[in-house]
Amino acid sequence: MLQLKIALQLRSLPTSFRRALDVARQLNIDAVEIDARGEVNPQLGETGIRQVRKLLDDQGLRVAAVEFRTRRGYEVEEDLQPRVEATRAAMRLAYELGARVVVNQVGRVPADDKSPIWQRLTEVLADLGAYGQKVGAMLCTETGAESGADLRRLLEALPKGALGVTFDPGNLIVNGFSSQDAAQELAGWIEHVHVNDAVRDLARGRGMAVEIGRGAADFPALLGLLEERQYRGYLSIERGSVDNPALEVSQAVQYLRNL
């Protein structure tokens, strides 16, 4: 049976870092996902790392993943080297905090695998993959920007273990893709899961995030697939701008534990 390890994306709680950790503990969360853009600086020194780890230990929490959103993808040549170096810093931070996953969207997957953009993207990701194996933290691209089949094309073009997947069914649904099909395509690469739900608004022609368990995401089927693959990662709850995030997170925790 799949061992449920439930995490919380801390930025789902609009409060201070310390207070968010306290709320996470009260909500029966096992670990947290930290935003390296707004909550913890990747350039933290040893003293800062120790302080963050102490705060986590005091609440009995682990770090499931470090989120590091770059403004551009790794296929964009402009300012590419600083982007790569910043990502490497986030990977080091993740390892130092006890996590093995760094979450980002890697950029647009080109349709032409002979194009210079494809070449640049695969070279950068292979380089980051080798660095991740060296430091002990893997870059995991979040789903949603393309179909599962297109993302699989990219994954298959990279060395084994170079890039993982943060599977986000809600993002896929919002952008008009099948989360079920994507789960089947990407199952072998899933290292982290964002628990996020959505529905398609056919009248408006776009998707809309909803409370977890009330959308089109088939979480029982996803958990079954993960169990078949002997998944050992976290299920990280993500809630955006809602009126009562703590209540919705609590309901999401109960929903997952009842599956």
Side-chain angles (χ1 to χ4, degrees), residues 2-7 9 33 64-70 73-75 87 91 94 99-113 118 121-122 124-126 128-130 132-133 137-200 207 209 212 215-238 256 259:
L2 181 69
Q3 180 185 358
L4 282 184
K5 297 195 299 184
I6 300 178
Q9 198 175 74
E33 182 173 328
V66 168
E67 187 178 21
F68 186 72
R69 304 283 183 179
T70 52
Y74 301 105
E75 86 284 14
T87 303
M91 295 166 90
R100 57 182 299 271
V101 168
V102 173
V103 179
N104 192 12
Q105 287 185 330
V106 298
R108 181 176 61 87
V109 178
D112 181 6
D113 60 6
W118 175 274
L121 179 61
T122 53
V124 170
L125 292 177
L128 286 171
Q133 291 175 354
M138 175 185 284
L139 180 65
C140 292
T141 183
E142 186 179 41
T143 58
E146 60 281 301
S147 69
D150 277 342
L151 182 52
R152 180 169 179 153
R153 280 195 305 111
L154 175 64
L155 291 159
E156 289 180 334
L158 296 171
K160 185 177 180 180
L163 180 68
V165 167
T166 295
F167 191 78
D168 188 320
N171 272 359
L172 287 158
I173 295 165
V174 163
N175 290 303
F177 301 114
S178 167
S179 63
Q180 288 90 340
D181 289 350
Q184 292 292 335
E185 292 278 3
L186 303 172
W189 288 272
I190 296 175
E191 299 287 340
H192 189 57
V193 174
H194 277 169
V195 180
N196 188 19
D197 211 345
V199 294
R200 289 290 294 170
I212 292 161
D218 190 344
F219 287 107
L222 175 59
L223 294 187
L225 179 63
L226 294 174
E227 183 178 353
E228 290 176 9
R229 296 285 176 165
Q230 298 184 323
Y231 178 73
R232 294 295 180 264
Y234 285 91
L235 307 175
S236 186
I237 296 169
E238 175 185 345
L256 290 173
L259 288 178

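Treat the numbers as computed from the prediction; the structure is a model and nothing was measured.
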Problem set entry | Side chain Arg152, main chain Leu186, donor-acceptor under 3.5 Å | no

Exercise. In Å and rounded to the nearest 0.5 Å, what is the CD to CG distance from Glu142 to Asp168?
Worked result: 4.5 Å

Exercise. Heavy atoms, side chains only, cut-off 4.5 Å: are Thr166 and Thr143 in contact?
Worked result: no

Exercise. Are Glu191 and Arg100 close enough for a salt bridge, meaning some N to O gap below 4.0 Å?
Worked result: yes

For this session: Report yes if some heavy atom in the side chain of Leu225 is under 4.5 Å from a heavy atom in the side chain of Gln184; otherwise report no.
Result: yes

Exercise. Quick one: CG on Asn196 to CZ on Phe167, what's the gap to the nearest 0.5 Å?
Worked result: 11.0 Å

Exercise. Rounded to the nearest 0.5 Å, what separation is found between the CG atom of Leu226 and the CZ atom of Arg232?
Worked result: 10.5 Å

Problem set entry | side-chain contact (heavy atoms from CB on, under 4.5 Å) against Ala7, all qualifying residues, sequence neighbours excluded | Ala31, Ala64, Tyr234, Ser236

Exercise. Heavy atoms, side chains only, cut-off 4.5 Å: are Leu154 and Asp113 in contact?
Worked result: no

Exercise. Are side-chain heavy atoms of Thr122 and Leu125 found at a separation under 4.5 Å?
Worked result: no

Exercise. Taking the side chain as C-beta and beyond, is there a heavy-atom pair between Leu151 and Trp189 under 4.5 Å?
Worked result: no

Exercise. Do Val165 and Leu155 come within less than 4.5 Å of each other through their side chains, counting heavy atoms only?
Worked result: yes

For this session: Using a strict 4.0 Å threshold on nitrogen-to-oxygen distance, state whether Glu67 and Arg69 make a salt bridge.
Result: yes

Exercise. Between CD1 of Ile237 and NE2 of His194, what distance do you get to the nearest 0.5 Å?
Worked result: 11.5 Å

Problem set entry | For His192 against Tyr231, the heavy-atom pair lying closest together | CA-OH, 3.2 Å

Exercise. Distance from Asp197 atom CG to Phe219 atom CZ, nearest 0.5 Å?
Worked result: 4.5 Å

For this session: Could you walk me through whether Leu139 and Phe68 pass side chain to side chain contact (heavy atoms under 4.5 Å, CB included), step by step?
Result: CA-CA 10 Å; Leu139 180 65; Phe68 186 72; over 6 Å; no

Exercise. Is a side-chain N or O of Asp150 found less than 3.5 angstrom from the main chain of Glu146, in a donor-acceptor match?
Worked result: no

For this session: Would you check if Phe177 and Asn171 make a side-chain contact, meaning some heavy-atom pair closer than 4.5 Å?
Result: no

For this session: Taking all non-hydrogen atoms of both residues into account, name the closest pair between Ala216 and Val199 and its distance.
Result: N-CG1, 4.1 Å

Exercise. Which pair of non-hydrogen atoms, one from Pro159 and one from Ala126, has the smallest distance, and what is that distance?
Worked result: CD-CB, 3.9 Å

Exercise. Would you say the side-chain atoms of Asn104 and Thr70 include a donor-acceptor pair closer than 3.5 Å?
Worked result: yes

For this session: Report the distance from atom CG of Asn175 to atom OG of Ser147, rounding to the nearest 0.5 Å.
Result: 11.5 Å

For this session: Compare all side-chain heavy atoms of Val103 with those of Glu33 and state whether any distance is below 4.5 angstrom.
Result: yes

Exercise. For the residue pair Ala217 and Pro169, what are the closest heavy atoms and their distance?
Worked result: CB-CB, 3.9 Å

Seminar exercise, completed: Nearest heavy-atom contact between Leu121 and Arg108 is CD2-O, 3.7 Å

For this session: Return yes if some donor-acceptor pair links the side-chain N/O of Lys5 with the main-chain N/O of Leu235 below 3.5 Å, else return no.
Result: no

Exercise. Listed by chain and number, what are the salt bridge (charged side-chain N to carboxylate O under 4.0 Å, His left out) partners of Glu75, not counting sequence neighbours?
Worked result: none

For this session: I would like to know whether Val174 and Arg200 meet side chain to side chain contact (heavy atoms under 4.5 Å, CB included); could you show each step before the answer?
Result: CA-CA 6 Å; Val174 163; Arg200 289 290 294 170; 5.8 Å; no

Seminar exercise, completed: Looking only at heavy atoms, the pair that brings Ala183 and Leu222 closest together is CB-CD1, 4.2 Å

